[in-house]
Amino acid sequence: MVPRLPWEGVTPTADPMYLSMIPSGAGVLMTGFDINSRTHVPAPSVPRRMLVVDDEEAILFAMDEYFTNRGYQVHCARELEEAQALLTYHKYDVVIADLRLTGINGAEGLELLSFVRDCSPKTKILLLTAYGSPMVEAEARHRGVHAFLSKPKPLAEIAQMVLGFEEAGR
Amino acid sequence: MTALRMAEGGGSYGLPSVQRSLLDDVLEPGQLRALFQPIYRLTETGERELFGVEALIRGPVGTNLEMPEVLFDYARRKHRIAELDRACVRAALQTCRGLPALRFFINVHASTLGRDDSFVAFLSQEMAAAGIPPFAIALEIGEHDAPYDRAAFRQTLSAIRALGVRIAVDDFGSGHANARLLLDARPEVVKLTRDVVEGADRDELRRRLLADLARTAEGFSARVIAEGVETAEELAAVRAAGIDVVQGYFLSRPVTAEQLREQLRSK
């Protein structure tokens, strides 16, 4: 049975507890992800390792909670270089990264994508962006992204996609 | 890439970000911790004498940077390894303060010594602040970075030696810790990489390499230390190679300053 998160099935506006449980940046969360989704996503049969890379604390928090509760071992990183260092010393089955991280070029996710393809070719990588454009998407596909998703996107939908990749890879 | 960002409808037009990074937090005083791993000399009767301790830095507890490999790799990618080295030296020396008189091995990158032209003054000041005499310190020089400025490196080493600090080459036999570093540093101590020690009891080639590396180091009149000794069998193989100063989990895991003080008190 998939464990229910504290906020599952709760309407944010109707329950002040919901808001108190979410750290700063809740606005991003509420508009960025549908964490109330009840879609059933089965847990992986063996613990899988996931790296989530985003410079929004609230998004990291939500992703960490969501995927940890579904049987993943989740590491979170806020910066490109932090993610690269983690990828150098840990193996991940899945990387979910925002396209735009703290940095100077605004498309650090693409750099991370190339890094993952080089150092861990079997790792599945999903890029998320609120600033998608056909040009950037084409570049991501050229570099071998497994999925390029525009935000907001329900967490359950992301989880289904991750599971699909993992099953396809077995 | 700027074009990509502009195509996305926003951006910095290529100007560097001034946002505070995780590394800025780590470099704040009190964020780095130093543990100590004892280094032992084995006597002919098989007894252990404490030879010194290596200060091992850990990042903030519970963060990705707690693991030192990740911490240093991250700083390297940020091109801020020299800043991190200074913070580590400071944290190590401050933690050494008040410990009994010992040899303290403290790590620093060769690239930092080749790049940071005020490092010697910094080191001198930090040793004085911690009340640790220079002769009690051995700087362990490692290199995981791009080639360092050899002339500047040698100049800095001369100045460090003039303070009375000893020089050790770390991880000799792996990565960039090679013959060039040995020739440039002319160390008093050479620490052999764990890559050769690991499994030496089961691998004849490892044992030969261990003995060869030890002979090379001794050719420089350097004291040889074998790192990463994790089993009784590895210890025996290291001793058979003629190495009598050793470090590793089999002998002791890294301990806090308080635990080290306690261990010393109980002897």
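Predicted, not measured: the structure shown is a model, and the values here were computed from it. In what follows, chains are A, B, ... by sequence order, proteins preceding strands, each numbered from 1. As a basis for the values below, the full set of heavy atoms in this structure was taken, side chains included, without hydrogen atoms, waters or symmetry mates.
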- Please say whether more than 12 non-hydrogen atoms of neighbouring residues, nucleotides or ligands are located less than 6.0 Å from CD in B/Glu126. yes
- Pairwise distance OG1(A/Thr88) to CD(B/Glu69) - rounded to 0.5 angstrom: 11.0 Å
- Query: If you draw a 6.0 Å radius around CZ in B/Arg150, do more than 12 non-hydrogen atoms from other residues or ligands fall strictly inside?
  - Reply: yes
- Task: Check step by step if side chain to side chain contact (heavy atoms under 4.5 Å, CB included) holds for A/His90 and B/Met67.
- Result: CA-CA 11 Å; A/His90 298 282; B/Met67 196 175 146; 3.9 Å; yes
- About how many Å separate CG of A/Leu86 and CG of B/Leu65, when rounded to the nearest 0.5 Å? 8.0 Å
- Query: Would you call B/Arg76-A/Glu81 a salt bridge at under 4.0 Å N-O?
  - Reply: no
- Do A/Gln84 and B/Tyr74 get their side chains close enough for a donor-acceptor pair, meaning under 3.5 Å? no
- Message: Let me confirm one number: the CG-CD distance from B/Asn64 to A/Glu82, rounded to the nearest 0.5 Å.
- Response: 4.5 Å
Donor-acceptor contacts, no H, no angles, side chain residues 24-35 of chain B, under 3.5 Å, sequence neighbours left out:
| residue | atom | partner | partner atom | Å |
| --- | --- | --- | --- | --- |
| B/Asp24 | OD1 | B/Arg80 | NH1 | 3.2 |
| B/Asp24 | OD1 | B/Arg80 | NH2 | 2.9 |
| B/Asp24 | OD2 | B/Ser21 | N | 2.8 |
| B/Asp24 | OD2 | B/Ser21 | OG | 3.4 |
| B/Asp25 | OD1 | B/Arg20 | NE | 2.9 |
| B/Asp25 | OD1 | B/Arg20 | NH2 | 3.1 |
| B/Glu28 | OE2 | B/Arg20 | NH2 | 3.2 |

